[in-house]
Amino acid sequence: PADFNGTWNLVRSENFEGYMLALGIDFATRMIAKMLKPQKVVKQEGDSFTISTTSTFRNYFVQFTIGEEFEEDNKGLDNRKCKSVVTWDNDKLVCVQTGEKKNRGWTHWIEGDELYLELRCEGEVSTQVFKRA
Ligand code: RET
């Protein structure tokens, strides 16, 4: 499978505002969050991952093993708990986050030297693109 290991910096993003609105993130947080250029550090060992997203404002950390359902607290995002599971779809990492919000999840993949993250919630889709630091 693909190798996501490394440190990645956000270079562009589409419809993050729509995604945050779908999650019910308040106005003040959205105003700050849309200006951020978060950094991702991915540590991948076989099928075990830790992904930390850091920014000057707030951080988010998630740890998972492919195919093993885990409780996700989304602390600092919308704080809703989900049952999450990540699987491989060819070279893409696909997460389904089952909870109060419909159609919630994300997909990570690599294209050339860029890391893509598609974030989904209800009818909204946001795409974030990162480059190696
Ligand atoms: C920030 C800033 C505060 C507001 C919001 C944020 C969103 C973070 C997200 C992180 C997604 C992480 C994933 C990790 C797994 O690969 C930047 C913390 C809303 C959406 C999908």
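First listed ligand is number 1; within each ligand, the first listed atom is number 1. From a predicted model like this one, the values you see are computed outputs, not experimental measurements.
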- Check whether any N or O atom of N59, backbone or side chain, sits under 3.5 Å from an N or O atom of ligand 1, and answer yes or no. no

- Query: Do the side chain of R120 and the main chain of V125 share a donor and acceptor less than 3.5 angstrom apart?
  - Reply: no

- Item | Side chain proximity check, L93 to F49, heavy atoms < 4.5 angstrom | yes

- Which protein heavy atom lies closest to atom 17 (C) of ligand 1, and at what distance to 0.1 Å? P38 CG, 4.1 Å

- Item | Any K40 heavy atom less than 4.0 Å from ligand 1 | yes

- For the side chain of E118 and the backbone of W106, is there at least one donor-acceptor N/O pair under 3.5 Å apart? no

- Task: Kindly say whether Y60 contributes a backbone atom to a donor-acceptor pair with the side chain of K75 at under 3.5 angstrom?
- Result: no

- Nearest-neighbour protein heavy atom for atom 6 (C) of ligand 1, which is reported as residue plus atom name and distance: L77 CD2, 3.5 Å

- Message: Please work out, at 4.0 Å between heavy atoms, whether the side chain, the backbone, both, or neither of L36 comes within that distance of ligand 1.
- Response: side chain

- Message: With a 4.0 Å cut-off on heavy atoms, is F16 in contact with ligand 1?
- Response: yes

- Item | Min side-chain heavy-atom separation R12-E114 under 4.5 Å | yes

- shortest atom 16 (O) of ligand 1-to-protein heavy-atom contact is with H108 NE2, 2.9 Å

- What atoms in ligand 1 come closer than 4.0 Å to a heavy atom of V62? 14 (C), 15 (C)

- Query: Which atoms of ligand 1 are found less than 4.0 Å from any heavy atom of W106?
  - Reply: 15 (C), 16 (O), 21 (C)

- Query: Heavy-atom distance under 4.5 Å between the side chains of E72 and N74, does that happen here?
  - Reply: yes

- Message: Going by the closest heavy atom to atom 4 (C) of ligand 1, which one wins out of S126, S55, A33?
- Response: A33

- Message: Looking at V94, is its backbone amide N or carbonyl O close enough to the side chain of H108 to form a donor-acceptor pair, meaning the two atoms are under 3.5 Å apart?
- Response: no

